[in-house]
Undergrad: 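Input: one structure, supplied below.
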Amino acid sequence: MDSKDVVIVGGGPAGLSAALVLGRARKKVLLCDAGTPRNAAAEHIQGFVTRDGTPPQEFRRIGREQLRPYDVEYQNVRVLSVERLDSGFRVGLEGGRVVETRRVLLATGMVDVLPDLPGYRELWGKSIFQCPYCHGWEVRDQAWGVLATDEHMLDFGLFVTGWSKDVVVFTNGALAVPPEQRSRLEHAGVRLEERRIRQLLVREEHLHAVELEDGARVARQVLFARPPQRQTPLVQQLVGQLGLALDEQGFVRVDEPHKQTSVPGIHAAGDLTTLLQGALVGASAGAMAGYMMNHSLNMENATRGG
Ligand SMILES: Cc1cc2nc3c(=O)[nH]c(=O)nc-3n(C[C@H](O)[C@H](O)[C@H](O)COP(=O)(O)OP(=O)(O)OC[C@H]3O[C@@H](n4cnc5c(N)ncnc54)[C@H](O)[C@@H]3O)c2cc1C
């Protein structure tokens with residue numbers, strides 16, 4: 001039987017980082033990636049020390065290349081199933097390969113559910129961003145908009161004034177703005193636009209204006225937004241089949257610092273576990289999961305006498 005110490009599901013920053021740790025710790029690893037990274041629409045990864053400005057595909061290529069010296073097998077393939085065995089797990093891959101493994105690391109990221117608003121999908125990653133730490137510098141002092149889908153996003157309108165003083169918060173008619181938040185925005189010079197949005201106007205692949213329900217246009221160059229997220233189909237499947245626990249926000253629950261999920265032997269790291277999402281944060285979590293999985297494997301081997 002095809003067997004490994006660890007199967008890692010997901011070859012983004014979290015999975016690659018865990019694979020490097022485990023490979024260097026002499027573990028037999030299979031790293032599977034379906035090739036659908038969260039930042040696929042972005043041109044560069046920003047804010048990652050030594051990799052600032054690197055295209056996402058290049059980042060992953062370097063990550064995979066640096067795994068070559070180790071016993072890490074990389075497959076560009078989707079993992080379809082994870083079944084629990086008496087000892088370890090059986091992992092089923094697209095194409096029919098089945099692998100037995102002692103541990104599984106879920107590093108599957110999250111899926112952003114983009115709204116149907118005309119222009120949104122086209123502009124995602126080009127003029128619509130989720131994180132000012134990732135993309136704020138490049139668009140500093142430009143005309144910013146914030147799509148406020150909840151009350152926290154109203155305060156986000158205040159926060160982003162650190163990058164641009166020209167900020168409009170759009171509620172898209174979906175929020176009753178409390179008076180104290182209204183006056184805080186006003187005090188900070190942030191405009192509030194409460195009319196519904198009809199469409200986002202695109203010019204040369206970038207945002208040009210936000211068109212409101214009555215046809216009025218608000219000239220904007222970038223929008224910051226937090227579209228809802230969901231877990232990948234595999235994680236949803238494991239919630240049903242193995243009782244993998246999610247927290248109240250829908251992230252996979254892990255214990256710190258081990259990154260073990262509610263299913264012993266299955267660990268998780270990266271975006272799927274937290275709202276604090278970023279490439280470097282994911283890579284750090286992946287490394288920590290790698291350390292902890294390796295520790296438990298070494299201790300298990302040593303106490304078994306082998
Ligand atoms: C538009 C955009 C721009 C961003 N820009 C930046 C930036 O500049 N700087 C920054 O720090 N962060 C940025 N981020 C955030 C950053 O991309 C994520 O935080 C980071 O990629 C998370 O890493 P991860 O390894 O957890 O998940 P991901 O990078 O999403 O990788 C998960 C991988 O798992 C794979 N997968 C899922 N299910 C399966 C399965 N069943 N079998 C096999 N593989 C599977 C997917 O195909 C994917 O490749 C950006 C995000 C977005 C949306």
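Atoms within a ligand are numbered from 1 in the order they appear, just like the ligands themselves. Residue numbers run from 1 in the order of the sequence given.
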Undergrad: Measure up the Phe129 and Phe224 rings against each other and bin them: parallel (under 30°), tilted (30 to 60°), perpendicular (over 60°).
TA: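 Plane angle between 30° and 60°, so tilted.
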Undergrad: Does any non-hydrogen side-chain atom of Arg220 lie less than 4.5 Å from one of Asp166?
TA: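 Yes, close enough: below the 4.5 Å cut-off.
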Undergrad: Pick, from Glu138, Arg38, Gln229, Gln130, the option with the minimum heavy-atom distance to atom 50 (C) of ligand 1.
TA: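 Considering heavy atoms of Glu138, Arg38, Gln229, Gln130, the nearest to atom 50 (C) of ligand 1 sits in Gln130.
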Undergrad: Per the side-chain contact (heavy atoms from CB on, under 4.5 Å) rule, which among Asp5, Val77, Thr101, Leu93 passes with Leu30?
TA: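 For Leu30, the side-chain contact (heavy atoms from CB on, under 4.5 Å) test succeeds with only one of Asp5, Val77, Thr101, Leu93, which is Leu93.
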Undergrad: With a cutoff of 4.0 Å, is Gly35 in contact with ligand 1, counting heavy atoms of the residue only?
TA: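 Right, Gly35 reaches ligand 1.
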Undergrad: Nearest to atom 16 (C) of ligand 1, what protein heavy atom do you find, and at what distance?
TA: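 Residue, atom and distance for the closest contact: Ala279 N, 3.9 Å.
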Undergrad: List ligand 1 atoms under 4.0 Å from Cys32, heavy atoms only on the residue side.
TA: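 Near Cys32, the atoms of ligand 1 are 43 (C), 44 (N).
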Undergrad: Heavy atoms only: which of Gln46, His135, Glu94 lies closest to atom 5 (N) of ligand 1?
TA: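 Nearest option to atom 5 (N) of ligand 1, by heavy atoms: His135.
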Undergrad: With the side chain counted from C-beta on, respond yes when Ile128 and Pro227 share a heavy-atom pair under 4.5 Å apart, and no when they do not.
TA: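 In short, these two side chains do not touch, never coming nearer than 4.5 Å.
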Undergrad: State which residue, out of Arg68, Arg64, Lys4, fulfils the salt bridge (charged side-chain N to carboxylate O under 4.0 Å, His left out) condition with Glu73.
TA: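 Among the candidates, only Lys4 passes.
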Undergrad: Need the ligand 1 atom indices (1-based, order shown) with element for anything under 4.0 Å from a heavy-atom of Val77.
TA: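 The list of qualifying atoms is 43 (C).
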Undergrad: Under a 4.0 Å threshold between the charged nitrogen and the carboxylate oxygen, would Glu213 count as salt-bridged to Arg195?
TA: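 Not counted as a salt bridge, because no side-chain N and carboxylate O are separated by less than 4.0 Å.
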Undergrad: Is the shortest distance from a Lys or Arg side-chain nitrogen in Glu180 or Arg184 to a carboxylate oxygen in the other one below 4.0 Å?
TA: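 Looking at Glu180 and Arg184, the cut-off is not met.
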Undergrad: Which of the atoms in ligand 1, numbered in the order shown and given with their element, are less than 4.0 Å from a heavy-atom of Gly10?
TA: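 In order of number, 33 (C), 34 (O), 35 (C), 44 (N).
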Undergrad: Measure the distance from atom 1 (C) of ligand 1 to every protein heavy atom, then report the residue, atom name and distance (to 0.1 Å) of the closest one.
TA: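 Looking at atom 1 (C) of ligand 1, the protein heavy atom closest to it is Gly125 CA, 3.9 Å.
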Undergrad: Identify the protein heavy atom lying closest to atom 17 (O) of ligand 1, giving its residue, its atom name and the separation to 0.1 Å.
TA: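 Nearest protein contact, heavy atoms only, for atom 17 (O) of ligand 1 is Asn39 CB, 3.3 Å.
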Undergrad: Taking CZ in Arg24 as the centre, count heavy atoms belonging to other residues, nucleotides or ligands within less than 6.0 Å. Is the count above 12?
TA: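 Not buried by this count: 12 neighbours or fewer within 6.0 Å.
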Undergrad: His44 heavy atoms, cut-off 4.0 Å: which ligand 1 atoms fall inside?
TA: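 Listed by number with element: 8 (O).
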Undergrad: Less than 4.0 Å is my threshold; does some heavy atom of Val235 fall inside it relative to ligand 1?
TA: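 The answer is no, since Val235 has no heavy atom less than 4.0 Å from ligand 1.
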Undergrad: What protein heavy atom sits nearest atom 27 (O) of ligand 1, and how far away is it?
TA: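 I find the closest protein heavy atom is Gly109 CA, 3.5 Å.
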Undergrad: Heavy atom to atom 18 (C) of ligand 1, shortest distance: which of Leu276, Thr274, Asp271 holds it?
TA: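 Shortest heavy-atom distance from atom 18 (C) of ligand 1: Asp271.
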Undergrad: Does Gly15 reach ligand 1 with a nitrogen or oxygen that is under 3.5 Å from one of the ligand's nitrogen or oxygen atoms?
TA: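 No, no N or O pair falls under 3.5 Å.
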Undergrad: Is the count of non-hydrogen atoms from other residues, nucleotides or ligands lying under 6.0 Å from His295 atom NE2 greater than 12?
TA: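 Not more than 12 within 6.0 Å, no.
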Undergrad: When you look at CZ of Arg140, are more than 12 heavy atoms from neighbouring residues, nucleotides or ligands closer to it than 6.0 Å?
TA: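 More than 12 heavy atoms, drawn from other residues, nucleotides or ligands, come within 6.0 Å of this atom.
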Undergrad: Quick test of your reading of the model: are Glu248 and Arg253 salt-bridged, counting only N-O distances below 4.0 Å?
TA: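 Looking at Arg253 together with Glu248, the answer is yes, because their closest N to O distance falls below 4.0 Å.
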Undergrad: Considering both backbone and side-chain atoms of Gln277, is one of its nitrogen or oxygen atoms within less than 3.5 Å of a nitrogen or oxygen in ligand 1?
TA: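 Not met; the criterion fails.
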Undergrad: Parallel, tilted or perpendicular: which fits the ring planes of Phe159 and Phe156, with parallel below 30° and perpendicular above 60°?
TA: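 Ring orientation of Phe159 relative to Phe156: tilted.
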Undergrad: Just to confirm my output: which protein heavy-atom neighbour is closest to atom 38 (N) of ligand 1, and how far is it?
TA: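 That would be Thr108 CG2, 3.5 Å.
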Undergrad: Looking at ligand 1, would Trp124 count as a contact under a 4.0 Å heavy-atom criterion?
TA: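 Right, Trp124 reaches ligand 1.
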Undergrad: Suppose we measure from atom 42 (N) of ligand 1 to each protein heavy atom; which comes out shortest, and what is that distance?
TA: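 Nearest protein contact, heavy atoms only, for atom 42 (N) of ligand 1 is Val79 N, 2.8 Å.
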Undergrad: Write out the residue and atom name of the closest protein heavy atom to atom 28 (P) of ligand 1, then the distance separating them to 0.1 Å.
TA: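 For atom 28 (P) of ligand 1, the nearest protein heavy atom comes out as Arg60 NH2, 3.9 Å.
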Undergrad: Between Gln231 and Gln236, does any side-chain donor sit less than 3.5 Å from a side-chain acceptor?
TA: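 Short answer, no.
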Undergrad: Would one find an N or O of Gly282, backbone or side chain, under 3.5 Å from an N or O of ligand 1?
TA: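 There is no such contact.
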Undergrad: If you take the nearest heavy atom of each of Gly12, Gly278, Cys134, which one is closest to atom 6 (C) of ligand 1?
TA: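 It is Cys134 whose heavy atom sits nearest to atom 6 (C) of ligand 1.
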Undergrad: For ligand 1, is there an N or O atom under 3.5 Å from any N or O atom of Met110?
TA: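 No, since none of the N or O atoms of Met110 sits under 3.5 Å from an N or O of ligand 1.
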Undergrad: Heavy atom of Ala41 under 4.0 Å from ligand 1?
TA: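 In this structure, Ala41 fails to qualify as a contact of ligand 1 - no heavy atom is under 4.0 Å.
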Undergrad: Name all residues meeting the salt bridge (charged side-chain N to carboxylate O under 4.0 Å, His left out) criterion together with Asp150; count only those two or more places apart in sequence or in a different chain, and write none if there are none.
TA: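 By the salt bridge (charged side-chain N to carboxylate O under 4.0 Å, His left out) rule, Asp150 matches no residue at all.
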Undergrad: If you count every heavy atom of other residues, nucleotides or ligands that lies below 6.0 Å from Glu205 atom CD, does the total exceed 12?
TA: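 No.
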Undergrad: With respect to atom 32 (C) of ligand 1, which of Ala14, Ala107, Pro13 exhibits the smallest heavy-atom separation?
TA: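 Answer by nearest heavy atom: Ala107.
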Undergrad: Suppose I only count heavy atoms of Ala42 and a 4.0 Å limit; which atoms of ligand 1 are within that range?
TA: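 So the answer, numbered in order with elements, is 3 (C).
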Undergrad: Given that the side chain starts at C-beta and the backbone is N, CA, C, O, which of these parts of Val281 lies under 4.0 Å from ligand 1, counting heavy atoms, or is it both or neither?
TA: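 Within the 4.0 Å criterion, Val281 makes no contact with ligand 1.
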Undergrad: Would you be so kind as to tabulate the donor-acceptor pairs closer than 3.5 Å made by side chains of residues 270-284, with sequence neighbours excluded?
TA:
residue	atom	partner	partner atom	Å
Asp271	OD2	Arg38	NH1	2.8
Thr273	OG1	Gly270	O	2.8
Thr274	OG1	Leu276	N	2.9
Gln277	OE1	Arg38	NH1	2.9
Gln277	OE1	Gln229	NE2	3.1
Gln277	NE2	Gln229	OE1	2.9
Gln277	NE2	Asp271	O	3.3
Gln277	NE2	Thr274	O	3.0

Undergrad: Can you tell me which residue and heavy atom of the protein come closest to atom 49 (O) of ligand 1, and the distance to 0.1 Å?
TA: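 Minimum-distance protein heavy atom for atom 49 (O) of ligand 1 reads Asp33 OD1, 2.6 Å.
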